[in-house]
Amino acid sequence: MTTGLPSSIVAVMEPAPQSASLTLGRRITIQRQAACLTQRQLADAIGVTQSAVAKWEADDSVPALRHRQALCATLNVSLGILFPAEAAW
């Protein structure tokens, strides 16, 4: 499908069901890179440490509930893209 958009934008627009097969850490990494942010920049934007972002991306921990909205807003994605199981509730 040709959309005329850069491939990084098209990748961000993939529907949630395809995203559900990826780990949370991989989804965060993909969206962060699509937003052209470093782990440090993302961390600063949502008020956590760079180490916290690294742990999320490595699937060693998950974002606290209080950080999830800011994470989605900073990455400009819906909750359903990063957290598809929770969005189904």
Side-chain angles (χ1 to χ4, degrees):
M1 173 172 108
T2 304
T3 62
L5 296 171
S7 60
S8 62
I9 301 288
V10 173
V12 172
M13 294 171 25
E14 288 181 2
Q18 292 176 354
S19 298
S21 63
L22 300 172
T23 67
L24 172 60
R26 186 68 184 129
R27 289 191 302 272
I28 292 171
T29 301
I30 289 167
Q31 298 302 331
R32 177 183 57 76
Q33 290 173 343
C36 299
L37 295 172
T38 64
Q39 289 181 342
R40 167 80 57 203
Q41 290 168 326
L42 178 58
D44 289 347
I46 62 176
V48 298
T49 64
Q50 182 272 327
S51 176
V53 173
K55 288 178 183 179
W56 300 341
E57 291 186 359
D59 290 309
D60 289 337
S61 67
V62 297
L65 290 175
R66 67 181 179 273
H67 298 302
R68 292 180 188 189
Q69 186 174 9
L71 177 61
C72 290
T74 301
L75 296 176
N76 199 31
V77 297
S78 69
L79 186 68
I81 295 293
L82 291 184
F83 305 95
E86 293 177 21
W89 289 24

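Quick note: numbers below take in every heavy atom, side chains included, and nothing from hydrogens, waters or symmetry partners.
- Annotation for Leu75 and Arg32: closest pair CD2-CA, 3.6 Å, computed over non-hydrogen atoms.
- Listed here is the closest heavy atom pair of Phe83 and Leu71: CZ-CD2, 4.3 Å.
- At least one side-chain heavy atom of Val62 sits less than 4.5 Å from a side-chain heavy atom of Arg68.
- Across every non-hydrogen atom of Cys72 and Leu79, the tightest pair is SG-CA, 3.7 Å.
- Of all the heavy atoms in Asp59 and Arg26, the pair that sits closest is OD2-N, 4.5 Å.
- Among all heavy-atom pairs drawn from Ile28 and Leu42, the shortest one is CG2-CD2, 4.4 Å.
- Within a 6.0 Å sphere centred on CD of Gln50, heavy atoms belonging to other residues, nucleotides or ligands number more than 12.
- Annotation: the span from Arg40 atom CZ to Thr49 atom OG1 amounts to 8.0 Å, rounded to 0.5 Å.
- Remark: Ile46 CD1 to His67 NE2 distance equals 7.0 Å, nearest 0.5 Å.
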